[in-house]
2 protein chains.
Amino acid sequence: MNERAFLEAYDPRDYPAVAVSVDVVALTIRDGVLSVLLVERGAAPFRSRLALPGGFVGDETLDDAALRELAEETGLDATNGRLARVHLEQLKSYGDPGRDPRMRVVSVAYLAFAPSLPDPRPGGDAAGAAWVPVATISEARLAFDHSRILADGLERARAKLEYSPLATAFVGPEFTIAELRAVYAAVWGEDLHAGNFHRKVLSVPGFVEGTGTTTARGGDRGGPRAKLYRAGDARVLHPPLLRPTSEEDVR
Amino acid sequence: MNERAFLEAYDPRDYPAVAVSVDVVALTIRDGVLSVLLVERGAAPFRSRLALPGGFVGDETLDDAALRELAEETGLDATNGRLARVHLEQLKSYGDPGRDPRMRVVSVAYLAFAPSLPDPRPGGDAAGAAWVPVATISEARLAFDHSRILADGLERARAKLEYSPLATAFVGPEFTIAELRAVYAAVWGEDLHAGNFHRKVLSVPGFVEGTGTTTARGGDRGGPRAKLYRAGDARVLHPPLLRPTSEEDVR
DNA sequence: TAAATAGTGTCTCTCAGACACTATGCA
DNA sequence: TGCATAGTGTCTGAGAGACACTATTTA
């Protein structure tokens, strides 16, 4: 069977239904901790279990569907179809038969990076929504195959920080190098050498650009005022900021 | 509307049909030229236009659907559900409304790397199938949004050669360093320095392992016999083989 | 005044790339 | 014998990481 023959014989009325949904792995950093947006399911199956926010695709692009779901859960405006300062990219699709006990559902997962956002107001029909530190999420806690999706999203996020400037999507429009370093530390789960990180970031063309201003105060426990930077125009980091060599997770 | 409320109210009989298909960007290197498997469409729309091989998803995983489509077009056995020596990975999903003029189709695209294969025998209902050098494919020649899918697949392939050992999927079970270099040259479209490439490949742990044997003959126009290698057990190249710096495609 | 942090200087080691060179084997 | 190719040696420059140090600000 191929596409051509299939489509001509196709009648949705007599074909097993397939549903297409989007699920969003929305990451942010709250109080220095990498966190993901989860909703509590209000109905069976997996009633009262945590799940990634998501829903079915309407008459819209997949990207728009993901933006819409994210906006619904976070309560943020989707101004002109764009959530301000949120990076969104497609992650992967999941379509194993049986991943949803009710019917065949192919889910297109998205990955979102957001600066620290206020607590979400629960969407109308979800029992609740919250930013949950990823370190506290055990393997079996999420509904459906969402643990797998989350794991894939985290790995993608960690890899992307190396060669893309997306760390800036986790901070405000103006930020210090130390704030940027905290993003890397939270996502990678490793502290980075402050001096070397500083020099490295400034040496990558287009990663950040100075604003000419500094913070109003030094650190809470002392220290000079830090220079403020904006995201630059680079789309790729050249050379990349490589993770501290995890060595033998290579085979 | 969210997933829970939606699913309870859901009846496939009265919901706009969405179809899920897989399309495969199958790449190989024939006579030193990067080529992709294309089929000629036998029916409208896009009748007699070239397209990526693909078809609708049955009661199977997405990966299995892609394997099946690939096996159907190439005529290769899918032994134990695995096409021998073919690497297959999910690429991206495409679901813009209107990308198929007949109905809403969400297509999950796959990327396949294969060693040089014989000419495909046309599948029963496709007008024909062939390996086509990618350099000869003009922007508007492919059906649907398949040009876009192909472009995304090529970019993924080029990037993957840098940090994964997948170049070995393009050659036979035993190969010379020069053959491996030809793969990189074909995919990246740039010649690589033979001496440096040689040393670099051997310096990456687990990329290749020697067989202790050599080719039976030297090159057609002279030269010593080359040592033969097998693919090693590394899943990631550490350090990576970076593309000759394309410099300012960075912004 | 003590402590913490921003930012810089410097050294070492590794690696990429350029170039040169030897060895091998085919026409 | 001439030439193309396999494979190695060596040099240079760039960058990563370790470490040290100065300057600035807060409690």
Side-chain angles (χ1 to χ4, degrees), chain A residues 32 161-163 171 174-185 188 190-205 207-229 236-247 250, chain B residues 32 161-163 171 174-185 188 190-205 207-229 236-247 250:
Chain A
L161 286 205
E162 291 191 318
Y163 58 89
V171 294
E174 298 196 344
F175 51 86
T176 66
I177 301 294
E179 285 172 339
L180 203 58
R181 177 162 46 85
V183 170
Y184 278 87
W188 285 348
E190 303 201 50
D191 285 332
L192 300 173
H193 187 286
N196 289 337
F197 181 86
H198 194 103
R199 189 175 348 93
K200 188 86 197 342
V201 166
L202 295 185
S203 77
V204 178
F207 190 5
V208 299
E209 57 185 26
T211 63
T213 59
T214 67
T215 52
R217 292 177 40 85
D220 282 347
R221 291 167 304 214
R225 299 174 182 176
K227 291 182 188 165
L228 287 170
Y229 296 85
V236 179
L237 301 188
H238 237 340
L241 278 81
L242 297 178
R243 275 179 272 193
T245 317
S246 13
E247 290 297 345
V250 162
Chain B
L161 287 206
E162 290 191 318
Y163 57 89
V171 295
E174 299 196 343
F175 51 87
T176 66
I177 302 295
E179 286 172 340
L180 203 57
R181 179 161 47 84
V183 170
Y184 279 86
W188 285 347
E190 303 201 51
D191 284 332
L192 300 174
H193 187 286
N196 289 337
F197 181 86
H198 194 102
R199 187 169 358 90
K200 188 87 196 346
V201 166
L202 295 184
S203 77
V204 178
F207 190 6
V208 299
E209 58 184 25
T211 62
T213 59
T214 67
T215 52
R217 291 176 39 85
D220 283 345
R221 289 167 306 215
R225 298 175 183 173
K227 290 180 187 166
L228 287 169
Y229 296 86
V236 180
L237 301 188
H238 238 335
L241 278 81
L242 297 178
R243 275 180 272 192
T245 318
S246 15
E247 290 296 345
V250 162

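FYI, side chains are in, hydrogens and waters are out, and symmetry mates aren't considered; it's all heavy atoms of this structure. Chain A is the first sequence line, chain B the second, and so forth, proteins listed ahead of strands; every chain is numbered from 1.
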Which listed nucleotide (dA16(C), dC19(C), dA16(D)) is nearest to the side chain of P239(A)? dA16(D)
Expressed as a whole number of angstroms, how long is the span from K227(A):NZ to dG7(C):P? 6 Å
For atom CG of L192(B) and atom C1' of dT5(D), their distance in whole Å: 16 Å
Just compare dT8(D), dA18(C), dT26(D) and give me whichever is closest to any side-chain atom of N196(B). dA18(C)
Main-chain N/O of E179(A) paired with T176(A) side-chain donor or acceptor, under 3.5 Å: yes
Atom pair CZ/CG of R181(A) and L241(A) - distance to nearest 0.5 Å: 12.5 Å
CG of L180(B) to OH of Y229(B): how many Å apart, nearest 0.5 Å? 10.5 Å
Atom NZ in K227(B), atom CD in E174(B): separation rounded to 0.5 Å? 14.5 Å
hbond_proxy R199(A) side chain to dG9(C) base (donor-acceptor, 3.5 Å cutoff): yes
Identify the heavy atoms of D191(B) and A185(B) that sit nearest to each other, and give their distance. OD1-CB, 4.1 Å
Side-chain N or O of H198(A) less than 4.0 angstrom from OP1 or OP2 on dG7(C)? yes
Axis-to-axis angle across the helix from dT1(C)-dA27(D) to dA27(C)-dT1(D), five pairs an end, to 10 degrees? 10°
For atom OH of Y163(A) and atom P of dG15(D), their distance in whole Å: 21 Å
Counting heavy atoms from C-beta on, name the nucleotide in dA27(C), dC19(C), dC15(C) closest to the side chain of K200(B). dC15(C)
Taking only the side-chain heavy atoms of A226(B) (C-beta and beyond), determine which of dG25(C), dG9(C), dG7(D) contains the nearest atom. dG7(D)
Taking CG from D191(A) and C1' from dA18(D), how many angstroms apart are they, rounded to a whole number? 16 Å
Does any non-hydrogen side-chain atom of F175(A) lie less than 4.5 Å from one of V183(A)? no
Could you pull out the protein-nucleic contacts involving nucleotides 1-5 of chain C (nitrogen or oxygen on both sides, under 3.5 Å)?
unit_1, atom_1, unit_2, atom_2, d
dA4(C), O4', R221(A), O, 3.3
dA4(C), N3, G223(A), N, 3.4
dT5(C), OP1, R221(A), NH2, 3.0

Is any N or O donor-acceptor pair between the side chain of D220(A) and the base of dA27(D) shorter than 3.5 Å? no
Measure the distance from CZ on R243(B) to C1' on dG17(C) and round it to the nearest whole Å. 18 Å
What are the two closest non-hydrogen atoms of Y184(B) and L192(B), and how far apart are they? CB-CD1, 3.4 Å
CZ on R225(B) to OG1 on T213(B), rounded to 0.5 Å: 12.0 Å
Does L241(B) or R217(B) map to a spot on DNA chain C nearer the 5' end, using the closest nucleotide for each? L241(B)
Please determine whether the number of non-hydrogen atoms from other residues, nucleotides or ligands lying under 6.0 Å from atom CG of N196(A) exceeds 12. yes
Note: I177(B) and V201(B) closest approach over all heavy atoms is CD1-CG1, 3.9 Å
Could you give the CG-to-P distance, from L202(A) to dG15(D), as a whole number of Å? 14 Å
Output the rounded distance in Å from OH (Y229(B)) to P (dA6(D)). 11 Å
Whole Å only: how far is the NE2 atom of H193(B) from the P atom of dC19(C)? 8 Å
